[in-house]
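The structure under discussion appears below in the form of structure tokens.
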Amino acid sequence: MNALIQPAAIHMGRTLVALYFLLPGIMKFASWDMHIGLMEKHGMIMIPFLLASAGVIQISMSLLILANKWVAPATLILAGMVVLININLHDFWNYSGIEGAHEMQNFVKNLGILGGMLVLAGFTLKPPVRD
């Protein structure tokens with residue numbers, strides 16, 4: 001049974017992770033001004049460059065993951081983005097009330113996504129050769 005469930009779970013998880021980043025990557029360009037405003041609100045610098053870079057990285061890494069090519073490196077690159085986004089855009093410690101609670105919820109949600117991505121990267125890496 002495990003021989004059937006594990007490949008299906010990895011395939012489905014891989015697809016969902018890719019879609020989770022592909023759609024927002026596209027939206028960074030489709031809703032450019034909205035994303036610029038969000039980044040300005042959080043005091044970021046070099047916003048157009050960072051926004052364009054994030055969109056290109058999200059789209060390209062998602063397509064690699066969907067194509068089942070270089071899944072572990074692509075997933076780890078996106079995992080690094082999750083950490084940077086969490087620190088810069090879900091900075092709940094700078095807010096109070098409902099806005100702080102919302103940012104904390106996004107921060108914690110992203111930690112769960114980060115965990116899933118690390119598991120996916122670990123499962124798709126080739127196991128070490130044993131002597």
Side-chain angles (χ1 to χ4, degrees):
M1 186 74 148
N2 188 35
L4 295 174
I5 293 173
Q6 185 176 353
I10 291 171
H11 174 73
M12 196 57 156
R14 182 175 52 79
T15 302
L16 291 172
V17 163
L19 291 175
Y20 180 81
F21 287 95
L22 179 61
L23 300 176
I26 293 168
M27 291 309 297
K28 283 181 175 47
F29 297 104
S31 299
W32 183 263
D33 290 336
M34 180 192 78
H35 285 89
I36 292 282
L38 174 68
M39 294 171 81
E40 286 173 344
K41 178 181 175 188
H42 289 272
M44 295 186 70
I45 60 170
M46 300 176 12
I47 293 172
F49 171 76
L50 290 174
L51 182 57
S53 298
V56 168
I57 291 168
Q58 286 181 311
I59 292 167
S60 59
M61 295 302 107
S62 295
L63 293 175
L64 284 174
I65 293 168
L66 281 172
N68 205 17
K69 302 289 183 195
W70 301 301
V71 173
T75 303
L76 292 173
I77 288 168
L78 289 172
M81 278 190 66
V82 168
V83 171
L84 293 173
I85 288 168
N86 247 12
I87 292 168
N88 289 293
L89 294 177
H90 299 305
D91 51 342
F92 63 89
W93 51 89
N94 288 324
Y95 297 90
S96 59
I98 192 76
E99 193 170 11
H102 179 72
E103 293 300 343
M104 180 183 276
Q105 180 182 20
N106 283 326
F107 187 94
V108 172
K109 172 196 59 124
N110 280 357
L111 291 179
I113 291 164
L114 177 62
M117 294 172 72
L118 294 174
V119 169
L120 176 61
F123 267 102
T124 56
L125 288 171
K126 296 197 186 282
V129 177
R130 297 183 189 248
D131 296 327

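Residues His102 and Tyr95 are not in side-chain contact: their nearest non-hydrogen atoms beyond the backbone lie 4.5 Å or more apart. Using a 4.5 Å cut-off on side-chain heavy atoms (C-beta onward), Leu76 and Leu118 make contact. Using a 4.5 Å heavy-atom cutoff, the side chains of Leu16 and Tyr20 are not in contact.
Annotation: the span from Leu120 atom CG to Thr15 atom OG1 amounts to 9.5 Å, rounded to 0.5 Å. Here the straight-line distance linking atom CH2 of Trp93 with atom CD1 of Ile87 works out to 6.5 Å at 0.5 Å rounding. Interatomic distance, CG of Asn86 versus CD1 of Ile113, reported as 9.0 Å (0.5 Å rounding). To the nearest 0.5 Å, the span separating CG on Asn106 from CG on Leu111 amounts to 11.0 Å. Rounding to the nearest 0.5 Å gives a distance of 11.0 Å between NZ of Lys41 and CG of Asn94.
Both Leu114 and Val119 belong to a common hydrophobic cluster when Ile, Leu, Val, Met, Phe, Trp and Tyr are linked at side-chain heavy-atom distances under 4.5 angstrom. At a threshold of 4.5 Å between side-chain heavy atoms, the hydrophobic network of Ile, Leu, Val, Met, Phe, Trp and Tyr places Ile98 and Leu89 in two separate groups. Both Met46 and Leu51 belong to a common hydrophobic cluster when Ile, Leu, Val, Met, Phe, Trp and Tyr are linked at side-chain heavy-atom distances under 4.5 angstrom. Residues Met27 and Leu19 fall into different hydrophobic clusters, defined by Ile, Leu, Val, Met, Phe, Trp and Tyr side chains chained together at heavy-atom separations under 4.5 Å. Both Val83 and Phe21 are part of a single hydrophobic cluster, where members link through side-chain heavy atoms under 4.5 Å apart.
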Exercise for the section: Tell me, with the steps shown, if Thr75 and Phe123 meet side chain to side chain contact (heavy atoms under 4.5 Å, CB included). Expected result: CA-CA 11 Å; Thr75 303; Phe123 267 102; over 6 Å; no
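Looking only at distances, no side-chain donor or acceptor of Ser31 sits under 3.5 Å from a matching main-chain atom of Lys28.
When each of Lys109, Glu103, Gln105 is paired with His90, the side chain to side chain donor-acceptor pair (under 3.5 Å) condition holds for Glu103 and for no other.
Between Leu50 and Ile45, the closest heavy-atom pair is CD1-O, 3.1 Å. Across all non-hydrogen atoms, the minimal contact from Ala121 to Ala72 is O-CB, 3.8 Å.
Remark: the Asn88 side chain and the His42 side chain contain no N/O donor-acceptor pair separated by less than 3.5 Å.
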Would you tabulate the side-chain donor-acceptor contacts of residues 59-70 under 3.5 Å, counting partners in other chains and residues two or more places apart, or write 'none'?
from: Ser60; atom 1: OG; to: Val56; atom 2: O; distance (Å): 2.7
from: Ser60; atom 1: OG; to: Ile57; atom 2: O; distance (Å): 3.3
from: Ser62; atom 1: OG; to: Ala18; atom 2: O; distance (Å): 3.1
from: Ser62; atom 1: OG; to: Leu22; atom 2: N; distance (Å): 3.1
from: Ser62; atom 1: OG; to: Gln58; atom 2: O; distance (Å): 2.6
from: Asn68; atom 1: OD1; to: Arg14; atom 2: NE; distance (Å): 3.4

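The environment of CE in Met81 is crowded: more than 12 heavy-atom neighbours from other residues, nucleotides or ligands sit within 6.0 Å.
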